[in-house]
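Below you'll find the structure, written out as structure tokens, and then a few comments.
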Amino acid sequence: MPPVAPLSLNVQLENAAMAHAKDMDLRNYFDHVSPEGTNPKERAIRVGYKGIVKGENLGKGYLNSDEVINAWKNSISHCKAMMDANSNEAGVGFSRNYWAISFGTSL
């Protein structure tokens, strides 16, 4: 993937990612859509995100951030999400071995 500008941390995206990682951990599921049907965009809006949600990466079973980031870099679809030049901010969350990162574009 070609280089892109660094992402800025966004607190609302971080809150959405953290809440989703905790929810997956507590309720033992692994999906971009919650059992009630809530998707990444809806989760971000729920915590006050005003930008455009561009995507989400999930990971499960990784013990630290280096492991999950390397796994995402080695996956074509996850790497594309991280290297999307249209995203300019992100927020990451984790709970035990569940990981989520939400990507967005500020308005």
Side-chain angles (χ1 to χ4, degrees):
M1 301 292 303
V4 295
L7 298 169
S8 298
L9 177 64
N10 179 279
V11 173
Q12 288 84 20
L13 289 175
E14 186 174 300
N15 290 341
M18 185 63 80
H20 189 51
K22 286 181 178 180
D23 187 50
M24 290 188 297
D25 182 19
L26 290 172
R27 299 198 297 160
N28 194 31
Y29 73 96
F30 184 69
D31 202 314
H32 292 285
V33 179
S34 75
E36 294 77 29
T38 305
N39 64 41
K41 180 179 179 179
E42 293 166 330
R43 286 191 290 276
I45 290 169
R46 185 176 291 160
V47 296
Y49 185 63
K50 303 293 187 213
I52 300 167
V53 176
K54 301 299 292 181
E56 175 183 73
N57 282 355
L58 301 178
K60 180 181 174 189
Y62 302 100
L63 301 178
N64 60 57
S65 59
D66 288 340
E67 287 181 6
V68 73
I69 289 170
N70 282 330
W72 289 336
K73 285 175 21 180
N74 289 319
S75 161
I76 292 172
S77 62
H78 293 94
C79 188
K80 283 182 179 180
M82 289 192 302
M83 301 301 289
D84 183 347
N86 294 315
S87 295
N88 61 15
E89 51 193 7
V92 65
F94 66 95
S95 182
R96 290 194 300 174
N97 67 348
Y98 285 82
W99 298 82
I101 184 167
S102 300
F103 303 101
T105 302
S106 59
L107 296 178

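Numbers for residues simply follow the sequence, beginning at 1.
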Within the distance-only criterion (no hydrogens, no angle test), does the side chain of H20 pair as donor or acceptor with the backbone N or O of D31 below 3.5 angstrom? yes
For the student: nearest non-hydrogen atoms of M1 and C79, plus distance: CG-SG, 3.5 Å
Heavy atoms of other groups near L9 CG, more than 12 under 6.0 Å: yes
Shortest non-hydrogen contact from G93 to A17? N-CB, 3.6 Å
Report the distance from atom CD of E89 to atom CD of E14, rounding to the nearest 0.5 Å. 12.0 Å
Find the distance between OH (Y49) and CG (N10) and round it off to the nearest 0.5 Å. 5.5 Å
Linking I/L/V/M/F/W/Y whenever any side-chain heavy atoms sit under 4.5 Å apart, do M18 and V68 land together? no
What is the minimum heavy-atom distance between E56 and S102, and which atoms define it? OE2-OG, 4.1 Å
Reported NZ-to-CG distance for the pair K54 and L7, which is rounded to 0.5 angstrom: 12.5 Å
So I52 and L107, do their side chains get closer than 4.5 Å, heavy atoms only? yes
Starting from L58 and following side-chain heavy-atom contacts under 4.5 Å between hydrophobic residues (I, L, V, M, F, W, Y), which residues can be reached? M24, Y29, F30, Y98
Distance-minimising heavy-atom pair for R27 and S34: NH2-CB, 4.3 Å
Distance-only donor-acceptor check, side chains T105 and N86, under 3.5 Å: no
Within a strict 4.5 Å, meaning less than it, do heavy atoms of the N64 and E67 side chains meet? yes
Mind checking what makes ring-ring contact (aromatic ring centres under 6.0 Å, His included) contact with F94, not counting sequence neighbours? W99
Please report the closest heavy-atom contact between N88 and S106, naming both atoms and the distance. OD1-N, 3.0 Å
CG of N57 to NZ of K80: how many Å apart, nearest 0.5 Å? 13.0 Å
Side-chain heavy atoms nearer than 4.5 Å, only ILVMFWY residues, links allowed to pass through others: does that put V92 and L13 together? no
Looking at CE of M82 and OG of S87, how far apart are the two atoms once the value is rounded to the nearest 0.5 Å? 11.5 Å
What pair of heavy atoms forms the shortest contact from T38 to E42, and how long is it? CA-OE1, 3.2 Å
How long is the span from the CG atom in N39 to the NE2 atom in H32, to the nearest 0.5 Å? 11.0 Å
